[in-house]
Colleague: 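Sharing a structure here in structure tokens format.
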Amino acid sequence: MAIEFKPAVRRKTPARLALAGPSGSGKTYTALAMAWEWAQREKSVIGMVDTEHGRASMYQGVNGWQWETLEPERFSPLGLVEILGAAAGRGFNPFIIDSWSHYWFGPDGMLEQVDRRKTGTNSFSGWKEVTPDERKMIEAMLTYPGHLIVTLRTKTEYLVEEDAKGKAVPRKVGTKPVQRDGLEYEFDIVADLDLRNNLHISKTRLPFLANQVIAQPGAELATQIADWLDSGQAVPTVSEFRQRILEVEEMTQLREIYLEVDSYRMLGAPTVDHEGTPTTLRELIVAIKAAMEAVEQHQAAHRAAAAAEDGYDAKGRG
């Protein structure tokens, strides 16, 4: 295959935002403030995975905020893929995972999965087993058909500083996000919240946000982000690909759609099948392919049986 370079194009894309911070920094409040602005813009409904025992519900009705929530008790990576598929089927935009850290340390999360699936004392064998599930989770999050916000707990430390009177006082600060090292940088925007609810941009693909510190972020920041992301070139949506997959009539069409979806790096995008069962575009294509092959095999068997019967009749008449 020839190697072909093409002009770079910035594509229209939904937001991928990670908010990290210690307890009390306003992660959930900030996520809801920004999500509400996006929901109004998209004329949609906010969906949320609440891993904190329903604590986000204390903000229900604040500033008119409304959303639909799910409170899972287990936090396996593939479980989140299924949840994202169901959320995509419901059309939630944006969608909040509060907090994503539970899919690292919570019941059935990554750490527990590794320990359960390792061979003997060899933890590397556990990581080898679980990492593909983690990649499916990341792929589903990054290709979710709508804005996505995740919150991350941070490990808390105390620094001793001098106050205005010169007295030494402790100050609580958040340090490292509670997730696998570096995973937060899969997102377009990574920001740290301090206890004064100041947003410190630590990583971004949006030039105007680089190195910014934003006090009490909310609707204004959400609008700026959405305006910039919406200015890119439009691309096919997950729902459009889903509909095309369900309507294929020939195997060649299915292969062409597969290659197109792959070119947009959307094979792992969460969606639902024709019965509303959570799946991904890749799995949906595989299922349709299997169904079409089964029909072809059934038809071939029927033709063979009919030919055999015709041959028997011809022999009998002879």
Colleague: Between Ile46 and Pro94, is there a side-chain heavy-atom distance shorter than 4.5 Å?
Modeller: yes
Colleague: May I ask you to decide if Asp181's main-chain N or O and Lys176's side chain share a donor-acceptor pair within less than 3.5 Å?
Modeller: no
Colleague: Which word best sums up how the rings of His102 and Phe105 line up, parallel for under 30°, tilted for 30 to 60°, or perpendicular for over 60°?
Modeller: tilted
Colleague: Tell me, yes or no, whether the heavy-atom count around Phe208 atom CZ, taken from other residues, nucleotides or ligands under 6.0 Å, exceeds 12.
Modeller: yes
Colleague: If you take all heavy atoms of Phe95 and Tyr144, which pair is closest and at what distance?
Modeller: CB-CE2, 3.8 Å
Colleague: Is there a side-chain contact between Arg55 and Thr28, using heavy atoms and a 4.5 Å cut-off?
Modeller: no
Colleague: Ignoring hydrogens and angles, state whether a donor on the side chain of Thr279 or Asp273 is under 3.5 Å from an acceptor on the partner side chain.
Modeller: no
Colleague: Whether the side chain of Trp65 engages the backbone of Trp36 through a donor-acceptor N/O pair (distance < 3.5 Å, no angle test) should be reported.
Modeller: no
Colleague: Taking all heavy atoms of Lys203 and all of Glu186, pick out the closest pair and write down the distance.
Modeller: NZ-C, 4.5 Å
Colleague: Is it true that Glu249 and Gln253 share a donor-acceptor pair across their side chains at a distance under 3.5 Å?
Modeller: no
Colleague: Can you tell me if Arg117 uses its side chain to pair, donor with acceptor, with the backbone of Glu129 under 3.5 Å?
Modeller: yes
Colleague: Can you tell me if Ser76 and Gln113 form a side-chain donor-acceptor pair at under 3.5 Å?
Modeller: no
Colleague: Spell out, yes or no, whether Met34 and Leu148 are grouped together once hydrophobic residues are joined by side-chain heavy atoms under 4.5 Å, including indirect joins.
Modeller: no
Colleague: Judged by atom type as modelled, is there a donor-acceptor pair below 3.5 Å linking the side chain of Thr143 to the main-chain atoms of Ala269?
Modeller: yes
Colleague: Evaluate whether atom CZ of Arg255 has more than 12 neighbouring non-hydrogen atoms of other residues, nucleotides or ligands under 6.0 angstrom away.
Modeller: no
Colleague: Any donor and acceptor pair, going by atom type alone, linking the side chain of Arg16 with main-chain N or O of Met141 inside 3.5 Å?
Modeller: yes
Colleague: Are Leu78 and Trp127 connected in the hydrophobic side-chain network, where two residues link if heavy atoms are under 4.5 Å apart?
Modeller: no
Colleague: Please check: side-chain N/O of Ser125 versus main-chain N/O of Thr119, any donor-acceptor pairing under 3.5 Å?
Modeller: yes
Colleague: Are Val295 and Ile288 linked, directly or through intermediate hydrophobic residues, by side-chain heavy-atom contacts shorter than 4.5 Å (ILVMFWY only)?
Modeller: no
Colleague: Look only at the side chain of Asn197 and the backbone of Ser25, and say whether a donor-acceptor pair between them is shorter than 3.5 Å.
Modeller: yes
Colleague: Restricting to non-hydrogen atoms, name the atom on Pro77 and the atom on Met110 that form the minimum distance, rounded to 0.1 Å.
Modeller: CG-SD, 3.5 Å
Colleague: Determine the minimum heavy-atom distance between Gly218 and Ala33, stating which atoms define it.
Modeller: CA-CB, 4.0 Å
Colleague: Would you say Glu112 and Asp115 make side-chain contact, with heavy atoms under 4.5 Å?
Modeller: no
Colleague: Looking at Asn93 and His147, would you say the former's side chain and the latter's main chain have a donor-acceptor pair under 3.5 Å?
Modeller: yes
Colleague: Trp228 ring centre to Arg10 NZ or CZ under 6.0 Å, with the angle to the axis within 45°?
Modeller: yes
Colleague: May I ask you to decide if Val238's main-chain N or O and Thr271's side chain share a donor-acceptor pair within less than 3.5 Å?
Modeller: no
Colleague: For Ser99, is there any backbone N or O sitting under 3.5 Å from a side-chain donor or acceptor partner on Thr51?
Modeller: yes
Colleague: Side chains of Arg41 and Thr223 only: does a donor on one sit below 3.5 Å from an acceptor on the other?
Modeller: no
Colleague: Kindly check if the number of other-residue, nucleotide or ligand heavy atoms within 6.0 Å of CG (Asn211) is above 12?
Modeller: no
Colleague: Hey, are the side chains of Trp104 and Leu111 touching, using non-hydrogen atoms and a 4.5 Å cut-off?
Modeller: yes
Colleague: Check His274 against Leu246 and note the closest heavy-atom contact, atom names and distance.
Modeller: CB-CD2, 4.1 Å
Colleague: Flag the pair Tyr59 / Trp67 as yes when their ring centroid distance falls below 6.0 Å, and as no otherwise.
Modeller: no
Colleague: What closest approach, in Å, do Ser263 and Arg11 show between heavy atoms, and which atom pair accounts for it?
Modeller: O-NH1, 4.1 Å
Colleague: Around atom CD of Gln40, are there more than 12 heavy atoms of other residues, nucleotides or ligands at under 6.0 Å?
Modeller: yes
